[in-house]
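Taking it in order: structure first as structure tokens, then the write-up.
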Amino acid sequence: MGALGYLIVMAVGATGAYYLTVAEAQDTGIGLVGRPVRVQGMVEGATVRWEPRTMMLRFFMHDAADPARRLEVRYRGARPDGVDDGRTVIAEGRLMPGASAIEATTLMVQCPSRYDPEAPSGNGTGR
């Protein structure tokens, strides 16, 4: 029973990943270099570079609360739809030395809400 418990703890520890903002990744990143992390940020559209021949996607994302805090994302694989300016993404992978980049193995793009509130019509009816 003890061996089974040990195996479960080890498996969860090996697959678990820290979930961070860009600022948190930079502030605590040195201790997390090479470990699995998930970092959430907003895509800077002007920095998106896609190389279809090598299937390499690179871009910078910034912290939603502090746009000056940036992190380069390097991802190899099929390009996910919606990697556009201002979209929220979660990059899962390993932080590189200096915590200035993440080598992502998974990219998740947040879908825009279909339920954004309608702008007021201004006709006084409240509809």
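What you see is a predicted model; the values in this text were computed from it and never measured. Sequence positions, counted from 1, serve as the residue numbers for this chain.
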To the nearest 0.5 Å, tell me how far [X] [atom1] sits from [Y] [atom2].
{"X": "D63", "Y": "R69", "atom1": "CG", "atom2": "CZ", "result": "7.0 Å"}
{"X": "R49", "Y": "M56", "atom1": "CZ", "atom2": "CE", "result": "14.5 Å"}
{"X": "L95", "Y": "L32", "atom1": "CG", "atom2": "CG", "result": "6.5 Å"}
{"X": "Q26", "Y": "T21", "atom1": "CD", "atom2": "OG1", "result": "8.5 Å"}

| Do you know which two heavy atoms are closest between A91 and I102, and how far apart they sit? |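 Minimum heavy-atom separation between A91 and I102: O-CD1, 3.5 Å.
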| field | Least distance between heavy atoms, R94 atom then G34 atom | value |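 Here R94 and G34 meet closest at NH1-O, 2.6 Å.
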| request: Answer with yes or no whether the hydrophobic clustering places V39 together with M42; edges join I, L, V, M, F, W, Y residues whose side-chain heavy atoms lie under 4.5 Å apart. | output: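 The answer is no; the residues belong to distinct hydrophobic clusters.
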| query | Within the side chain of R58, is there an N or O that forms a donor-acceptor pair under 3.5 Å with the backbone of E72? | reply |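 Not confirmed, R58 side chain does not pair with E72 backbone.
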For [X], enumerate each residue passing the side-chain contact (heavy atoms from CB on, under 4.5 Å) test, keeping only those at least two apart in sequence or located in another chain.
{"X": "T106", "answer": "E92, M108"}
{"X": "T47", "answer": "E44, F59, F60, R70"}
{"X": "P80", "answer": "L57, Y75, V83, L107, V109"}
{"X": "D85", "answer": "none"}

| query | So, are R87 and D81 salt-bridged, with charged N and O less than 4.0 Å apart? | reply |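 So R87 does not pair with D81 through a salt bridge.
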| Excluding sequence neighbours, so at least two apart, what forms salt bridge (charged side-chain N to carboxylate O under 4.0 Å, His left out) with E103? |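 Partners of E103 under the salt bridge (charged side-chain N to carboxylate O under 4.0 Å, His left out) test: R74.
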| field | Option passing side-chain contact (heavy atoms from CB on, under 4.5 Å) with V22 (candidates L71, D27, D66) | value |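 Among the candidates, only L71 passes.
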